[in-house]
Amino acid sequence: MSEKEKRICRALAKALEAIPEEKKEYFLGFAEGVEAAVNGGVENAPTATAVQACPPGA
């Protein structure tokens, strides 16, 4: 993971901490939608457990 990607992960992690729990689903839905669009469909979308590319302290 590049340094720029790590900075993005840290910024997203901080943003997630700042929003209410019920709004976090929007973040997840957006990320999964982008992933599906890039990979050509919903069947390739990650699951919530697969979103571990940004471990705490990354």
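This structure is a prediction, so every number in the text was calculated from the model and none was measured. Below, all heavy atoms of this structure are taken into account, side chains as well, without hydrogens, waters or symmetry copies.
- Tested against Leu16, the residues Lys24, Lys23, Glu21 include a single side chain to side chain contact (heavy atoms under 4.5 Å, CB included) partner, Lys24.
- A continuous path of hydrophobic side-chain contacts links Val38 to Phe30 [ILVMFWY only; heavy atoms under 4.5 Å].
- When each of Glu5, Glu3, Glu17 is checked for a salt bridge (charged side-chain N to carboxylate O under 4.0 Å, His left out) with Arg10, only Glu3 meets the rule.
- Atom CD of Glu22 is surrounded by more than 12 heavy atoms from other residues, nucleotides or ligands within 6.0 Å.
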